[in-house]
Amino acid sequence: MELTRNYEPGTTEERWNQTWQHKGYFKSVPDHRPSYTVVIPPPNVTGVLHMGHTLNETVQDILVRKARMSGFNACWVPGSDHASIATESKVVQMLKEKGIDKNSLTRDEFLKYAFEWKDKYGGIIYNQIEKLGCSVDWDRVTFTMDDHYYKAVIKVFIDLYNKGLIYRGARMINWDPAAKTALSDEEVEFKDLTGTLYYIKYALVDADENSAAANNQPTTDNYITIATQRPETIMGDTAICVNPADARFSHLKGKFAIVPLINRQIPIIFDEYVDTLFGTGALKVTPAHDINDYNLGLKHGLAVIDTLNPDGTLSEAAQIYVGEDRFTARKKIVEDLQEEGFISKQEEYQTRLGYSQRSGVVVEPRISTQWFVKMKEMAEPALTAVTSGEITIHPGDKFLATYKYWLENVKDWCISRQLWWGQQIPAWYAPDGSFVVAETREQAYIQFKIQNSKFKIETLTQDEDVLDTWFSSWLWPMEVFKGISEPEGNTEPDYYYPTAVLVTGQDIIFFWVARMIMAGMHYQKKRPFKDVYFTGMVRDKQGRKMSKSLGNSPDLLELIDKYGADAVRFGIMISSPAGNDLLFDEASLEQGRNFNNKLWNALKLVNMWQTRQADNGEAADNPSGNFAVDWFESRLNQAAADLDVMYSQFKLSEALKTIYSLIWDDFCSWYLEWVKPGFEQPIDAAIYQKTIAFFERLMQILHPFMPFITEEIYHLLLERLTDDDLCIKQFGNQYPVKKEILEQGELLKKVISAIRDARNKNQVKPKESILLSVLTQNKDNYTGFEKILAKQVNAHGLVYINSAPANNIVIAVETDKFYFESSREVDKSTLQTELEKDLERQRRFLESVAKKLSNERFMANARPDVVELEMKKQADALARIKAIEESLSSL
RNA sequence: GGGAGCAUAGCUCAGUUGGUUUAGAGCAUCUGCCUUACAAGCAGAGGGUCCGCGGUUCGAACCCGUGUGCUCCCACCA
């Protein structure tokens with residue numbers, strides 16, 4: 001079969017994807033084998049895979065494929081997340097572009113649009129996952145709003161409510177004025193920026209008389225000045241607070257201040273909370289718009305005046321600039337205050353503002369009635385699971401402390417969202433405002449009847465809100481196997497749960513990882529996964545985050561088109577230190593593509609030999625004897641053992657580097673060159689067979705990382721039968737490693753490189769053949785591979801000598817010396833400089849070793865094997881120095 | 001403000017309980033090669049004050065202290 005010049009990934013990948021699917025290799029049903037389960041972190045259903053996903057999915061596929069080839073029943077469950085806010089805002093945007101206002105639609109109409117949108121765009125990520133070569137079980141694809149999943153979420157809500165772990169209450173929450181919904185604390189991102197601190201004067205009055213406010217004029221020239229970043233909230237002020245210990249304000253007891261512009265009278269109150277050193281030492285208290293002020297308000301019984309509408313515009317309660325956006329209003333109010341002389345000072349101020357993770361707008365603290373999950377009780381088992389080592393986090397040192405701290409200080413979780421896209425909260429309200437929690441209207445009605453409520457079932461209304469998207473995804477490892485919705489008669493959860501490993505980004509450790517552990521410990525009484533592997537963030541090569549606005553976020557499918565999926569996988573893995581951020585550079589994909597071609601060309605070489613085999617010994621060109629084969633076998637076995645350790649520690653990047661070097665350097669550059677027969681010569685049949693077997697094993701080892709090309713080459717090596725596929729081929733046991741032969745191999749490589757270097761430096765043309773003379777005390781070291789040595793340095797002959805020949809180029813390796821003549825004048829001065837440099841280095845080394853050995857305390861304290869080693873170092877150095885000196889004198 | 005992590009070649013990173021480390025790899029760089037698998041390649045080379053300082057030790061890239069510089073997480077100071 002004629003092979004193309006370079007590997008062409010496109011058609012090959014398409015073909016193998018189809019074959020694997022067709023043969024159902026990635027489908028899993030429970031059987032006698034141990035399970036190895038991975039649940040995909042479900043991407044946003046309407047999103048596309050970015051480089052972060054690519055890294056995560058690749059890591060998962062490597063682990064899953066490795067497990068599948070190691071005797072496990074591997075099951076990788078794909079799926080997607082309905083992503084309530086993110087998706088709903090996309091749908092709202094889409095409707096807007098069509099000229100449809102969400103508010104003009106009924107809930108059902110809106111959901112119809114949303115599901116259409118989901119069906120249209122939800123397939124994109126699945127297509128990308130497949131193109132990347134992910135060996136997922138498509139029969140198990142799960143969406144967090146599937147019917148059974150929806151049911152499970154509702155079931156859990158009701159259960160936790162009945163256990164008293166879910167409650168409804170009015171709290172200060174984070175409000176997203178763009179999405180018009182509550183957010184959890186975790187959905188708020190803080191950004192540092194420079195703001196302005198306005199110093200505003202409030203007039204002081206003596207007594208609570210309406211006259212002051214009524215006639216619009218302060219009755220005194222006295223003012224109290226407060227500092228604020230948010231002048232637009234002054235209309236919501238209900239007090240001014242100072243520290244009781246602050247002598248500057250002690251005379252203000254019982255006095256009142258007048259809110260500028262609206263002239264409302266508010267009391268001066270005293271509380272230790274106020275920092276006397278910050279600003280003016282006086283604080284305006286706006287309970288509706290600041291969490292601290294809210295708490296102060298509660299303590300001092302202050303009124304709450306909410307001056308903002310849900311969309312971030314000023315409300316009627318603000319009295320002025322009603323309907324204007326909060327930031328517009330701020331500008332206008334600052335102008336007004338300035339005009340009327342209420343602003344005494346403005347200064348720049350370093351501050352922090354909370355932004356909505358989803359809509360990007362500044363979050364407003366707002367009091368509203370929401371649903372919460374009590375976290376303390378659920379946090380405890382989740383904490384123990386990790387601290388006890390039941391669940392291992394990789395890399396642990398980095399994240400263990402963070403995880404612990406969060407769980408030890410966890411706050412209640414606000415789970416209601418004022419959206420339509422998601423699981424609607426199963427709470428039902430009677431006309432009098434009382435409510436019950438029940439799955440259906442009928443069940444709710446029954447509950448009300450038990451309470452003797454008297455009204456018609458039709459008048460019941462369901463809570464309008466939906467649940468936080470994480471309130472569904474925290475059930476993911478259980479519910480993909482219907483562990484919540486259908487526990488009876490369902491054997492799958494027992495077989496597949498707990499899952500083996502969770503691979504995800506470190507940014508969702510609280511959103512998702514911690515909560516999955518809570519839910520798993522609560523409902524299955526078992527950890528949801530044994531290991532958690534955190535990948536770093538993918539950045540561009542300058543270290544910047546990838547973002548649409550920077551245009552530095554490459555399109556996955558374009559990359560796959562350009563380089564092939566194997567090369568993309570290679571590129572992202574080779575530059576991906578565990579747990580550290582990854583600087584993405586297309587150069588690494590080029591490296592992956594080049595690696596593909598290297599493999600392809602090795603295949604071409606080996607396949608050329610297929611028709612040129614000689615029967616045992618007869619006329620076969622076997623320059624290496626069995627040395628090359630024995631050496632590579634040990635080298636391969638050694639690497640396989642190293643790889644097992646790396647896999648167990650999730651050091652996948654290092655594992656890939658090991659394989660890359662094993663194939664490129666050891667197999668291609670050394671082994672194949674050693675066994676390669678001369679031009680148009682036949683190859684020894686036994687060596688050919690061994691070479692094929694090595695190549696196959698290499699493909700198997702590489703397969704989890706680069707599945708397509710390895711499968712292709714596996715089949716092309718022997719044009720094997722169609723039912724023998726690499727992706728399900730089981731790894732064998734460990735094979736023996738012969739240490740001595742590995743050492744000999746190292747010596748051979750070293751000698752070859754040294755002689756090639758000498759040829760280079762002496763400008764001996766590559767085509768010019770040499771006669772190599774070897775001066776050694778250990779001839780036996782060389783007899784096994786002297787033919788290889790001669791061939792690799794282009795020597796037409798190799799002779800052993802007892803004394804240095806004149807006028808030769810000399811090379812010292814270890815304690816042995818090598819000589820060859822050059823047709824050119826030998827450049828003695830260069831050679832001499834080299835040797836002298838080496839001699840100097842050896843002498844310095846000897847000195848340091850000798851110093852150690854003459855140190856009594858070293859001899860007394862160091863371990864015997866260490867001392868022995870130092871003695872050997874000394875002997876070696878002495879021998880080498882002698883060899884170099886002899887070489888120098890022979891010049 | 002509290003906590004965590006990191007600092008090794010031009011870049012990205014390995015470096016296990018302190019002793020085969022005379023500190024490695026990939027990429028990049030330089031030199032020579034169109035050698036009959038591969039120029040997207042082959043052969044070879046150069047390149048480091050292991051962030052600074054101090055300590056422990058017979059011995060430190062590694063342990064301890066300290067300084068500096070980055071990064072991340074958490075936190076309600078207007």
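Phosphate contact (OP1/OP2 of B:C58, side-chain N/O of A:Asn861, threshold under 4.0 Å): present. Listed pair A:Lys676 / B:A37 meets the phosphate criterion, a side-chain N or O lying under 4.0 Å from OP1 or OP2. The side chain of A:Arg5 contributes an N or O atom lying less than 4.0 Å from OP1 or OP2 of B:A39. In this structure, A:Arg756 reaches the B:G44 phosphate: one of its side-chain N or O atoms is under 4.0 Å from OP1 or OP2. For the pair A:Lys873 and B:U22, the criterion of a side-chain N or O lying under 4.0 Å from OP1 or OP2 is met.
Residues satisfying the side-chain contact (heavy atoms from CB on, under 4.5 Å) criterion with A:Asp757, sequence neighbours excluded, are A:Lys761. A:Gln638 is linked by a side-chain contact (heavy atoms from CB on, under 4.5 Å) to A:Arg635, A:Asp642, A:Val737, A:Leu742, counting only residues two or more places apart in sequence or in another chain. Judged as a salt bridge (charged side-chain N to carboxylate O under 4.0 Å, His left out), and not counting sequence neighbours, the contacts of A:Lys873 are A:Glu870.
As rounded to the nearest Å, B:A78 and B:C64 have P atoms that lie 37 Å from one another. The P atoms of B:G26 and B:C51 are separated by 22 Å, rounded to the nearest whole Å. The gap from the P atom of B:U35 to that of B:G47 amounts to 30 Å, rounded to the nearest Å. Between B:U21 and B:C6, the distance separating the two P atoms is 24 Å to the nearest Å. Rounded to the nearest Å, the gap between the C1' atom of B:G10 and that of B:G5 is 25 Å. Between the C1' atoms of B:C27 and B:G65, the separation comes to 37 Å (whole Å). Rounded to whole Å, the separation between the C1' atoms of B:U68 and B:G32 comes to 45 Å. Remark: the separation of the P atoms in B:G69 and B:G55 is 24 Å, to the nearest Å.
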> Which nucleotides of nucleotides 26-35 of chain B have their base under 4.0 Å from a protein heavy atom (B), which only their sugar-phosphate (S), and which neither (-), written as one string 5' to 3'?
Replying inline: SS-------S
> With the sugar-phosphate defined as primed atoms, P, OP1 and OP2, and the base as all remaining atoms, what B/S/- string results for nucleotides 72-78 of chain B, 5' to 3', for protein heavy atoms under 4.0 Å?
Replying inline: -SBBBBB
>> For A:Trp609 and A:Tyr688: C-alpha separation, side-chain torsions, deciding distance, then whether ring-ring contact (aromatic ring centres under 6.0 Å, His included) applies.
In response: CA-CA 7 Å; A:Trp609 298 342; A:Tyr688 171 73; 7.1 Å; no
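At a threshold of 4.0 angstrom between heavy atoms, the contacts of A:Ser661 with the nucleic acid are absent. Among the atoms of the strands shown, base atoms are found under 4.0 Å from some heavy atom of A:Leu869. A:Ser669 comes within 4.0 angstrom of the backbone, heavy atoms only, and of no base. Looking at heavy-atom distances under 4.0 Å, A:Arg843 makes no contact with the nucleic acid at all. Across all strands shown, A:Asp757 has heavy atoms under 4.0 Å from sugar-phosphate atoms exclusively, and none from any base. In this structure, A:Trp664 reaches the sugar-phosphate backbone alone: every heavy-atom distance under 4.0 Å involves primed, P, OP1 or OP2 atoms, never a base. Within 4.0 Å of A:Cys668, counting heavy atoms only, lies at least one base atom of the nucleic acid.
Salt bridge status for A:Lys749 with A:Glu746: present, with a side-chain N to carboxylate O gap under 4.0 Å. Between A:Arg593 and A:Glu586 no salt bridge is recorded (no basic side-chain N to carboxylate O distance below 4.0 Å).
Taking atom CG on A:Asn855 and atom P on B:C58, their separation rounds to 8 Å, with Å as the unit. Taking atom CD1 on A:Ile509 and atom C1' on B:G5, their separation rounds to 14 Å, with Å as the unit. As rounded to whole Å, 13 Å separates atom P of B:G48 from atom CZ of A:Arg841.
Between the base of B:A37 and the side chain of A:Asn601 there is no donor-acceptor pair shorter than 3.5 Å.
Comparing B:A37, B:G44, B:G19 by their nearest atom to the side chain of A:Met608 picks out B:A37. For A:Lys598, the side-chain atoms get nearest to B:A37 when compared with the rest of B:U12, B:G19, B:A37. Taking every side-chain heavy atom of A:Asn594 into account, B:G41 is the closest of B:C58, B:U22, B:G41.
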> In dot-bracket notation, what is the pairing pattern of RNA chain B, taking Watson-Crick (N1-N3 plus N6-O4 or O6-N4) and G-U wobble (N1-O2 and O6-N3) contacts under 3.5 Å, with [ ] crossing and | for other strands?
Replying inline: (((((((..((((.....[....)))).(((((.......))))).....(((((..]....))))))))))))....
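Between atom OH of residue A:Tyr660 and atom CZ of residue A:Phe705 there is a gap of 14.5 Å, rounded to the nearest 0.5 Å.
By the stacking rule of 5.5 Å between ring centres and under 30° between planes, A:Phe858 does not stack on the base of B:C58.
In this structure, A:Tyr403 has its ring center no closer than 6.0 Å to that of A:Phe510. For A:Phe695 and A:Phe667, the distance between ring centers is under 6.0 angstrom.
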